[in-house]
Structures are given as structure tokens and as C-alpha cells.
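In what follows, a structure is listed as C-alpha cells, so that the remarks can point back to it.
Start at 1 with the first residue, then count along the sequence. Quick caveat: nothing in here was measured; it's all calculated off a predicted structure.
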Amino acid sequence: MSSQALKAGASGEVTDFNNGTYLIRFTLFWEGQVTLSLLLIHPSEGVSALWRARNQGYDRVIFKGKYVNGTTHVFTECGLTLNTSAELCQYLDSENQETFYCEKPQHMPCGALTHMTTKNREISYLTVMEKSLFYRSNVGVEMMKDFKPIAVSQCNNRSEEIKGKCQIGMKIPVPGGYTSKGRWITTFCNQTQLNTVKTNDCLKGKLIYLLGDSTLRQWIYYFPKIVKTLKVFDLHGTGAFTKHLLVDAEQHILIHWKKHSYPFITKHLYSVREEAYIPREIDQIPGDKNTVIVITLGQHFRPFPLDCFIRRAINVRKAIERLFLRSSATKVILKTENTREMHTDTERVGDFHGYIQYITMNKIFKGLNVGIIDAWDMTIAYDSNDIHPPVNVIENQINMFLNYIC
């Protein structure tokens with residue numbers, strides 16, 4: 001639902017009655033001319049094909065590990081599973097039952113692995129007929145072409161509901177908010193726009209850990225724009241996927257971004273010397289009332305069978321539960337994955353896979369005392385369709401984050 005003139009937008013809610021009929025519900029959050037849109041992303045045949053194809057195997061992405069011995073280096077194939085008779089190096093996190101493998105290079109120990117890179121394997125588990133379901137003209141088909149805009153008037157008997165401050169642990173409705181004049185407005189709590197002074201006061205003395213993918217790395221690029229005293233601390237890493245650190249020594253603020261571990265997909269070479277899964281990272285954080293952890297998972301898991309994502313999400317939940325046992329005052333916030341480009345490699349990374357993970361993540365973390373930033377809902381409302389949402393979306397995600405912790 002949108003009003004272009006007001007820069008307003010919101011997602012709707014679909015109820016499937018499992019008999020070929022659906023109920024579509026929109027909440028009229030604002031007055032004026034409103035346009036409704038209902039897109040059929042994939043027909044049921046397409047969804048069935050994507051589900052079968054996704055769970056067929058782990059070989060859609062080729063991992064290449066770089067082993068170094070003095071001035072000599074060699075690349076070997078790696079992966080979450082490897083179908084080979086070659087001798088393997090096993091990189092095992094025994095507590096979380098997470099394993100990664102590489103073919104062992106000759107005359108080098110397994111500990112000589114220093115970097116990783118990936119590329120897509122030219123493989124498909126879809127039939128020729130199934131592939132036709134994902135032609136551009138068949139994806140995201142508008143179902144309400146002749147639906148005229150509606151005029152929304154003010155309700156005379158409307159009473160403003162008094163909402164409490166945004167707090168960790170609040171249940172998020174669907175939709176959880178809407179955009180107006182480009183700004184995200186929550187429907188379940190009293191959200192405020194923090195100015196620079198209030199933001200600085202809030203962040204004073206805080207340790208903030210951002211653990212996830214590049215959609216969360218966007219946050220660490222944005223923070224210096226709102227807190228001018230934050231400076232980049234050079235950790236002597238190279239490339240975009242090295243650890244990022246922002247520091248304000250005077251106000252004792254530290255913001256740290258680190259990518260999640262395998263599977264992590266990029267053509268760029270990245271270091272694995274400090275590689276650790278998010279549950280392990282959480283276990284190493286003591287926690288206290290001034291510690292905040294933000295976690296996101298999703299985009300890099302889409303090309304692999306769903307059990308890979310489920311196992312990681314469950315392990316993250318268990319690590320958060322252990323954290324709360326030693327420090328219940330630590331604040332933990334989950335940022336869900338966001339939507340991305342509609343016509344990019346649907347079989348490998350399409351939003352159907354993301355939506356399944358989004359639903360799965362909500363179920364796995366249900367009942368846990370964490371804050372939720374519903375990036376899926378937000379990016380639908382903003383109609384961003386970009387794996388890396390534009391800066392105004394990031395700004396509003398961070399504002400929601402500040403409302404939780406300030």
C-alpha cells in the first residue's frame with residue numbers, strides 16, 4: 001500500500017485458507033489517496049520447484065580456500081560438504097556441530113588456511129519447463145491492475161491509542177509499521193527521533209557488537225554520520241569483509257562489526273584467520289547493561305538447504321540463552337533479512353528462500369527476550385528491492401535500534 005505524494009508505504013497481510021482462496025488485509029494508516037498493489041511473486045508450481053531445488057544439495061557455490069606456506073600458496077576446493085575421495089581438512093566447531101571442509105593441499109598443514117573466496121557453480125536443479133516460470137515476465141505479476149486508488153478520510157471517532165516506549169521483548173504485529181514522509185513509524189510502541197545530543201548521551205559507555213552480513217555492515221558505515229566523534233580504528237585488515245571498528249575513546253563508545261562465518265559468499269578474497277561462528281562470538285562476550293549485540297542472518301544461506309540455516313539459528317538462540325544466564329542485562333537485537341532484487345538468480349538467492357528463512361527465524365526466536373528490527377517488513381514498505389537498502393532505510397533501522405537501547 002502506498003501514497004507516492006506522501007512518501008508513504010506499508011506492507012499488507014496475506015491469509016491463506018489452503019483451499020485456493022486468500023484474504024488480503026491492509027491497515028489504513030494515513031489519510032489521502034492510497035494505491036494498493038498485490039504481486040504474485042511465484043505461482044504454486046514455481047514455489048514447489050524452488051523448494052525442491054533448494055534442498056537438492058550444497059553444490060551451488062564453489063568455495064576456494066587459500067593455503068600459505070612461506071612464499072608458496074595454493075588454492076583448494078572447500079565447502080559445507082565435499083563429494084570427493086581426496087584427503088580433507090575438517091574445521092569443526094564441536095559444541096555447535098558446525099563443520100567446514102577443504103581438500104588438503106600436498107605438503108601443507110590444515111592450519112595453513114588463510115583466506116577464502118567463492119564463485120557460483122553453473123548448475124540448476126530446475127527442469128526446462130520449471131525455468132520458464134521464472135522468466136522476468138512471470139515474476140512479480142500485478143494482480144490488481146484495474147484497481148483504482150482509494151480516498152482515505154479521517155475517522156471522526158478515532159481515539160489515539162497510548163503506546164509505551166519501544167522496549168526489548170515487545171511482540172511485533174504484522175505490519176509492524178509504515179513509512180510516512182520517508183520516515184519509519186512503528187505501530188506497536190512510542191518511537192522518537194533522537195537528535196545528535198540524545199544519541200551521544202545514549203551511546204556513551206556502550207559496547208556494540210554487530211554480527212552478520214554486509215546489510216549490517218551498512219550500519220557501521222552510517223554511525224559516524226550521526227555520531228561525529230566516532231573514528232575508524234585501523235585493525236590492519238584488508239578488504240570490505242575484514243573486522244570494522246569505530247571508537248570514541250573520550251565517551252567510551254566502541255562499535256564492532258564482524259561478518260558471520262561459513263557460508264559467506266563473495267568473489268572477494270577474505271581472511272579466515274579469526275573465523276568464528278556467531279554462537280562462538282556470543283560466548284566470548286561477557287555482557288553487561290552497557291553491552292548491545294545486533295545479529296542478522298539470511299542472505300548467504302539462501303543457496304543452501306534450509307537445514308543449514310535452521311541449525312545456525314538454533315545455535316544462535318542457545319548462545320543467547322547462555323549469555324542471559326551470565327548477564328540478563330545485556331541487550332540483544334535481531335535484524336531480520338531484507339528483500340532484494342526481484343529478478344536476480346531466483347533459484348539461488350530469490351526472495352522465496354528469504355521469506356522461508358524469515359518465517360523460520362521468527363519461530364525459532366519466539367519467546368526470547370530480544371528486540372526485533374523487521375527489515376523484511378520495512379523494505380517492503382519502502383519498496384527498496386535491493387540487497388543493500390538505500391541510506392534512508394538504514395537510517396530508520398538505526399533509529400529503531402536506538403529506540404530499543406536508549
Does this structure show an ion pair linking Glu337 with Arg302, if we count only N-O contacts that are shorter than 4.0 Å? yes
What do you reckon, are the aromatic ring centroids of Tyr91 and Tyr101 less than 6.0 Å apart? no
Under a plain distance cut-off of 3.5 Å, with no hydrogens placed, do Ser37 and Glu142 share a side-chain donor-acceptor pair? yes
Could you tell me if Arg54 sits above the aromatic ring of Tyr125, with its cationic atom closer than 6.0 Å to the ring centre and no more than 45 degrees from the axis? no
Measure across Arg322 and Asp283 and return the closest heavy-atom pair with its distance rounded to 0.1 Å. NH2-OD2, 2.9 Å
Under 3.5 Å, side chain of Lys198 to main-chain N/O of Gln193, donor-acceptor pair present? no
Within the 4.5 Å heavy-atom criterion, are Val294 and Phe401 side-chain neighbours or not? yes
Centres of the Phe63 and Phe100 rings: under 6.0 Å? yes
Could you verify whether a donor N or O on one side chain and an acceptor N or O on the other, from Asp377 and Ser11, lie under 3.5 Å apart? yes
So, are Arg311 and Asp307 salt-bridged, with charged N and O less than 4.0 Å apart? yes
Can you list the residues that meet the side-chain contact (heavy atoms from CB on, under 4.5 Å) rule with Asp93, with sequence neighbours excluded? Glu95, Asn96, Glu98, Tyr277, Arg280
Between the side chains of Glu281 and Lys259, is the shortest nitrogen-to-carboxylate-oxygen separation below 4.0 Å, so that they form an ion pair? no
Answer with yes or no after comparing the ring centroid distance for His256 and Phe233 against a 6.0 Å cut-off, counting only values under it. no
SB check Asp248 Lys231 (cutoff 4.0 Å): no
With a 6.0 Å cut-off on ring centres, are His42 and Phe134 close enough? yes
Are the sulfur (SG) atoms of Cys102 and Cys89 separated by under 2.5 Å? no
